Amino acid sequence: MTTPLTGIGVSPGTATGPVARMAPPPELPPQTAVVEDTAHELETATAALEAVGSDLDARAAAAGGEAADVLFAQAMMARDPGLAEKITVRVGKGETAPHAVSGAFEEYRTMLANAGAYMAERVADLDDIRTRAVATLLGVPMPGVPSPGHPFVLVAPDLAPADTATIDATQVLAIVTEHGGPTSHTAILAKSLGLPAVVACADAGTLADGDRVLVDGASGTVEIDPLDEVVAEAARRDEERRAALAASTGPGRTADGRGVQLLLNIGGEGDLDRAVAADAEGVGLFRTEFLFLDRTTAPTVVEQEAVYARVFAAFRARKVVVRTLDAGADKPLGFVTQPDEPNPALGIRGLRTSRRFPQLLEQQLTAIAQAAAASETDVWVMAPMVSTPGEAAAFAQMARTAGLRTAGVMVEVPAAALRARAVIAGCDFLSLGTNDLAQYTFAADRMEGELANLLDPWQPALLDLVGMTAEAGASAGKPVGVCGEAASDALLALVLVGLGVTSLSMAPVSVPDVRASLARHTYDECRQLAALASGAADGTSARQAVQEAVRGAGG
Amino acid sequence: MPTRRVTVGSKVGLHARPASLFVQAAGRQPIDVTIGKDGGEPVSAKSILSVISLDARGGDVVVLTAEGDGAEKALDELAAVVSTNYDNE
């Protein structure tokens, strides 16, 4: 029996099945000789593009609504006369069909990419057609999520948002990626779909199509060609886990009864059904960007109020924490984004946009307050990207003037954590956005897969900032919650509680695991686990130390 | 040379569905039509990639130009597509 492959388990559960690898984008071999029969070469290029266009037309017809619009526009791109002209010119100069097609697309890509952040999706659409056309010409498999026609374990270097949109949850048994980390797109998607997933599994590259594997998303292992007894045992453990989760209900609390509010992260009305059905104590993060995206002007107070009212009504008699607009920079909005920022993540985003557009924030707070007044929900409000005590106090003041009783701020900028005592003095609560806090603390781009280890929420330096912030809350007698991906990690939740965090907000699918985990440990045990993690050298050893301690105690 | 100045009617601008409809309509015309932003370089209305890279937003003014037999009719038709608000369709 071979040693299992190891990585980071990011979504619990086990599954056994055959591997199907995601095909990589086609590599263009260098061109060695000039093409002689240019007429034939041009015909080949044109035929490939027509094939891609027809395929997209067929998929547009099969899809519906907005997806069909995008696919249809893509089909038109494949047949664009301007593109055909550029290809003709290149083939005329002797380029092979794959090179001419790739080069012509590159010219348009540059044009679109220079047109600004708004065009980013169009560039992705263009890249998609280009890789399809080149793959057709090179005679290699279409890149993207495979469809082998039977349930499979998806193995890939990493998954991009565009890939995840095409995943068929009824066919994919589990996900294994070579790169990525606990906060990467793969982790978030796998958790929301309830699929076992292991990321940062460096040796996954050695797996071949058809290999039978057992994926354990909790321990982060991938066993190749497991024995039948091992598979049966894994299935049994899974069944036990599911039963334990189903039996775990009610408010979050430790084994000795210390309450830890379990809340939900939602991003729009589409999340409502699943959120309302979840056994949780309210919403800890209501993202409001969806109201402002894809628009050229801001929504009116009346428009906003109607949407907030619907969300509040769904959580009557529970708590909803609304995050004010977190846009600008890497979340561009036409009427708010500053063009050409050198470092968008460090730019005018979140609360900072209210320096230039104060009325936007005023209107949003008014709308929230009006909707709150007409509801029976305990509505709180918080601002993103707060960096100083002054900003926190000013925001809280603004919120109260608008008629809101409870106002707090997100702690994602390290300066706010370092000065947490002064920050919380001017407002009512704090909420740690661990994803961005890790980004800024480690100076590591959230999107940079290579730096995933720095963005690991188990990193002791990050835990120090969490602890500092939680302590400030305890001293002031005010709540401090976590709403980043860290909160959804059932093991890390114990550490966070041990550090003094009073609430955890996560995707609905993660709540049962976290609740069950908390119920198995006393508050004192959580404090011990927190000390273990904080004393470790890095994220990996912190996680390992806590995992061993919990297993040792039979937890 | 016959021209039309038209305000883009859809909030999403000349992208996605409005752009597809515009380029399809342009493809049906017997002559070539160009489109450009006010004061900007005109591009072929039959090229969806060129139309999209204009990045014409809702409320922007674009200039349509055509020449030859049927130019006025072609411009009328295309101007109607540009100015229509497709947001609720």
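It should be emphasised that the depicted structure is a prediction, and the values quoted were computed from it without experimental measurement. Numbered from 1 within each chain, the chains take letters A, B, ... in sequence-line order.
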For B/V23 and A/D80, run side chain to side chain contact (heavy atoms under 4.5 Å, CB included): C-alpha distance rounded to whole Å, both residues' side-chain angles, the deciding distance at 0.1 Å, then the answer.
CA-CA 10 Å; B/V23 172; A/D80 192 298; over 6 Å; no
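Taking CD1 of B/I48 as the reference point, atom CZ of A/F72 lies at 8.5 Å (rounded to 0.5 Å). Rounding to the nearest 0.5 angstrom, the gap separating the OG atom in B/S53 from the CZ atom in A/R109 is 14.0 Å. How far CG of B/L49 is from CD1 of A/I129: 7.0 Å, rounded to the nearest 0.5 Å.
With a 6.0 Å radius and a threshold of 12 heavy atoms from other residues, nucleotides or ligands, A/E85 has its CD atom at or below the threshold. Summarising the local packing, CG of B/D69 is surrounded by 12 or fewer heavy atoms from other residues, nucleotides or ligands at distances under 6.0 Å. The environment of CD in A/Q359 is crowded: more than 12 heavy-atom neighbours from other residues, nucleotides or ligands sit within 6.0 Å.
Closest non-hydrogen pair, A/P81 versus B/S47, comes out as CD-CA, 4.1 Å.
Proximity to chain A involves both the backbone and the side chain of B/S50, based on heavy atoms less than 4.5 angstrom apart.
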